[in-house]
Chemist: 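Encoded as structure tokens, here's the structure I'll be asking about.
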Amino acid sequence: MKANKISGYHMRMAWKNIRIPFIFMIVVLYVMESLSAVLTFSQSVHIGVTPFAFVFLINNYKIQFIIAACAVILFCNAPFEDESYQYMVSRAGKLSWGLGQILYILKMSMLYIACLAAATMIPFLGHITWSNEWGKIWGTLGKTNAGADFGVELSVSQNIIRKYEPVDALIISILLEFSCILCIGLLIYFGNKVTGKSVGTFIGALTAVLDICVSNDWMEWAYGFSPVSLTQLELFNGFAPKWGINLAYAGKFFLIVTVSLSALCVAANYKEKAINRISRRRIHGR
């Protein structure tokens, strides 16, 4: 209960910082603009769009970079300690404080993903076909280059359409993207808290660009260590399985990383106590 109250306090304080709503606004507008050409194509052929744009959106490495980069900015002020820090820690304890920080990152990640998912549907309001099928628009864009005449740059993977049911693909994509954003937030918190500097933010930024680096210059097996890459269902086709990179691997990766980082984030709040103990042992040894 104490941890939940602490996370609630941070959620309230977050919206008083113009940076947070500004980041959400930028991401939503960017996603909507990325889908505007698909809407134009849909309107031209007079066929509605099924609400599964999110699946293909996060399979675009350029769009994924923007999403991840904005997530870094979202959490860059970690460890979220303001003038009330000493008072709240003394009342709640370091364990509750650490768990509260993790809950805040989790809640903010959920809200971030919810906004992304909503942004993929907003452009098509009034032009959505509610169906458990991929629909003619995504099928046509995946099988042909018809979208090129309308400036559609979003790549629609035929492999995803053929291998996954639409609802299954949407749920899996949302869970993977949420796990990625959560890992970035926890990584930034831990790095910043332990070092007392913006080291975590720097590592988070490297994580955001890792997918692009691997795509252009690095060995293919490095995809297995890139959280942003592991959110993309298209990665699990072609060469990736030969390195053991598949959906099961992605699930295990995010589970292990999330649990490990959560434990480290809580432990980081006892940094001062650990330093004091080490100092006392050195003095006693002398």
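Counting begins at 1 with the first residue of the sequence. Only heavy atoms go into these numbers, but all of them, side chains included; no hydrogens, no water, no symmetry mates. What you are looking at is a predicted structure, and each value in this text was computed from that prediction instead of being measured.
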Chemist: Are the side chains of E177 and F54 in touch, meaning some heavy atoms are under 4.5 Å apart?
Modeler: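 Heavy-atom side-chain distance check passes, below 4.5 Å.
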
Chemist: Between the side chains of E165 and N132, does any donor sit under 3.5 Å from an acceptor?
Modeler: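 Result is no, nothing qualifies.
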
Chemist: Taking S173 for the side chain and A169 for the main chain, is one N or O donor matched with an acceptor at less than 3.5 Å?
Modeler: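 Such a contact is found between S173 side chain and A169 backbone.
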
Chemist: Quick check: is V45 connected to V49 through a chain of hydrophobic side chains (ILVMFWY, heavy atoms under 4.5 Å apart)?
Modeler: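 Yes, one cluster joins them.
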
Chemist: V55 vs Y164, test: side-chain contact (heavy atoms from CB on, under 4.5 Å). Steps then yes/no.
Modeler: CA-CA 11 Å; V55 176; Y164 297 93; over 6 Å; no

Chemist: Could you give the distance from SG (C180) to CZ (F253), rounded to the nearest 0.5 Å?
Modeler: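 It is 9.0 Å, given to the nearest 0.5 Å.
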
Chemist: Quick check on side-chain contact (heavy atoms from CB on, under 4.5 Å): which of T120, I66, I58 does V31 satisfy it with?
Modeler: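 Only match with V31 under side-chain contact (heavy atoms from CB on, under 4.5 Å): T120.
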
Chemist: To the nearest 0.5 Å, what is the distance between CD1 (I160) and CG (D168)?
Modeler: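 Answer rounded to 0.5 Å: 13.0 Å.
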
Chemist: How close do L261 and C183 get, counting heavy atoms only, and between which atoms?
Modeler: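 Closest approach of L261 to C183: CD1-O, 3.7 Å.
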
Chemist: Please verify the inter-ring angle class for W134 with F52; under 30° counts as parallel, over 60° as perpendicular, anything in between as tilted.
Modeler: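 Judged by the thresholds at 30° and 60°, the geometry between W134 and F52 is perpendicular.
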
Chemist: When rounded to the nearest 0.5 angstrom, what is the spacing between CZ in F236 and OG in S229?
Modeler: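 It is 9.5 Å, given to the nearest 0.5 Å.
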
Chemist: Determine, step by step, whether S109 and F75 satisfy the side-chain contact (heavy atoms from CB on, under 4.5 Å) criterion, reporting the C-alpha distance in whole Å, the side-chain angles of both residues, the deciding distance to 0.1 Å, and the verdict.
Modeler: CA-CA 10 Å; S109 298; F75 297 114; 3.6 Å; yes

Chemist: Quickly, which of L175, V259, L176 forms a side-chain contact (heavy atoms from CB on, under 4.5 Å) with F254? Name it, please.
Modeler: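 Option passing the side-chain contact (heavy atoms from CB on, under 4.5 Å) with F254: L176.
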
Chemist: Does Y112 share a hydrophobic cluster with F22, counting links as ILVMFWY side-chain heavy atoms below 4.5 Å and allowing steps through other members?
Modeler: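 The answer is no; the residues belong to distinct hydrophobic clusters.
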
Chemist: Taking the side chain as every heavy atom from C-beta outward, state whether I128 and W130 have any atom pair closer than 4.5 Å.
Modeler: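 Yes, close enough: below the 4.5 Å cut-off.
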
Chemist: Indicate the ring-plane relationship of Y189 and F80, choosing parallel, tilted or perpendicular according to the 30° and 60° boundaries.
Modeler: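 Y189 vs F80 ring planes: parallel.
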
Chemist: Can you find a side-chain donor-acceptor pair between H127 and Q43 that sits under 3.5 Å?
Modeler: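 The answer is no; no qualifying pair exists.
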
Chemist: Establish whether I67 and M25 are linked, either directly or via other cluster members, by ILVMFWY side-chain heavy-atom contacts under 4.5 Å.
Modeler: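 No; M25 is not reachable from I67 via cluster members.
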
Chemist: L182 and V228: same hydrophobic cluster, using ILVMFWY side-chain contacts below 4.5 Å?
Modeler: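 They do not share one cluster, since no chain of ILVMFWY contacts under 4.5 Å joins L182 to V228.
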
Chemist: Tell me, do N77 and R19 make a side-chain contact under 4.5 Å, heavy atoms counted?
Modeler: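 N77 reaches R19 side chain to side chain.
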
Chemist: For a quick check under 3.5 Å, do T50 and W138 share a side-chain donor-acceptor pair by atom type?
Modeler: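 Yes - a donor-acceptor pair under 3.5 Å links their side chains.
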
Chemist: Is there side-chain contact between V194 and F190, with at least one heavy-atom pair below 4.5 Å?
Modeler: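 Yes, close enough: below the 4.5 Å cut-off.
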
Chemist: Report yes or no: do N60 and S155 form a side-chain donor-acceptor pair below 3.5 Å?
Modeler: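 Their side chains do not contain a donor-acceptor pair, so the 3.5 Å distance test is not met.
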
Chemist: Give a yes or no on whether the backbone of N4 and the side-chain of S7 come within a donor-acceptor separation of less than 3.5 Å.
Modeler: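 Looks like yes, one N/O pair under 3.5 Å.
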
Chemist: I need the minimum non-hydrogen distance between A208 and A68, along with the two atoms involved.
Modeler: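 Where A208 meets A68 most closely, the heavy atoms are CB-CB, 3.8 Å.
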
Chemist: What heavy-atom pair brings L233 and N237 nearest, and what distance separates the two atoms?
Modeler: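 Result for this residue pair: O-ND2, 3.5 Å.
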
Chemist: Counting distance only, does the side-chain N/O of Y249 pair as donor-acceptor with the main-chain N or O of G224 below 3.5 Å?
Modeler: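 Checking the backbone N and O of G224 against the side chain of Y249, a donor-acceptor pair under 3.5 Å is found.
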
Chemist: Compare every heavy atom of N192 with every heavy atom of P79, then report the nearest pair and how far apart it is.
Modeler: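 Result for this residue pair: CD-CB, 4.3 Å.
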
Chemist: Output yes when a side-chain donor or acceptor of T40 lies under 3.5 Å from a complementary backbone atom of S36, and no otherwise.
Modeler: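 Answer holds: yes.
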
Chemist: Between W15 and F24, is the gap from one ring center to the other below 6.0 Å?
Modeler: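 Ring centroids of W15 and F24 are less than 6.0 Å from each other.
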
Chemist: Looking at I188 and A78, what are the two nearest heavy atoms and their distance?
Modeler: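 Of all heavy-atom pairs spanning I188 and A78, the closest is CG2-CB, 4.1 Å.
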
Chemist: Begin with the C-alpha distance, continue with both residues' side-chain angles, and end with the deciding distance and a verdict on side-chain contact (heavy atoms from CB on, under 4.5 Å) for S96 and K5.
Modeler: CA-CA 9 Å; S96 295; K5 290 180 179 179; over 6 Å; no

Chemist: More than 12 heavy atoms of other residues, nucleotides or ligands under 6.0 Å from CZ of F202: yes or no?
Modeler: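 Counting other residues, nucleotides and ligands, CZ of F202 stays at 12 neighbours or fewer.
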
Chemist: Hey, could you give me the CD/CD distance between E234 and Q158, rounded to the nearest 0.5 Å?
Modeler: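 It comes to 10.0 Å.
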
Chemist: Would you say R162's side chain and S157's backbone share a donor-acceptor pair under 3.5 angstrom?
Modeler: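 Absent.
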
Chemist: If you apply the rule side-chain contact (heavy atoms from CB on, under 4.5 Å), what do you find for V38 with F56, and how did you get there?
Modeler: CA-CA 12 Å; V38 178; F56 306 109; over 6 Å; no

Chemist: Over all heavy atoms of both residues, which pair between T201 and C76 is shortest? Give the atoms and the distance, please.
Modeler: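 Closest approach of T201 to C76, heavy atoms only: OG1-O, 3.4 Å.
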
Chemist: Any chance you could measure L103, atom CG, to M110, atom CE, to the nearest 0.5 Å?
Modeler: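 So the CG of L103 and the CE of M110 are separated by 11.0 Å.
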
Chemist: Does any part of the side chain of L230, heavy atoms only, come nearer than 4.5 Å to the side chain of F225, both counted from C-beta?
Modeler: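 No, side chains not in contact.
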
Chemist: Calculate, to the nearest 0.5 Å, the distance between atoms SG and CG belonging to C265 and L187 respectively.
Modeler: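 The CG atom of L187 is 8.5 Å from SG of C265, to the nearest 0.5 Å.
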
Chemist: Among I212, L206, V214, which residue satisfies the side-chain contact (heavy atoms from CB on, under 4.5 Å) criterion with L210?
Modeler: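 So the option named by the test is V214.
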
Chemist: Is the number of heavy atoms from other residues, nucleotides or ligands within 6.0 Å of NZ (K107) greater than 12?
Modeler: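 Counting neighbours around NZ of K107, more than 12 heavy atoms of other residues, nucleotides or ligands fall under 6.0 Å, so yes.
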
Chemist: Is it true that D211 and S226 share a donor-acceptor pair across their side chains at a distance under 3.5 Å?
Modeler: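 Result is no, nothing qualifies.
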
Chemist: Transitively linked via ILVMFWY side-chain contacts under 4.5 Å: I256 with I102?
Modeler: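 I256 and I102: separate clusters.
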
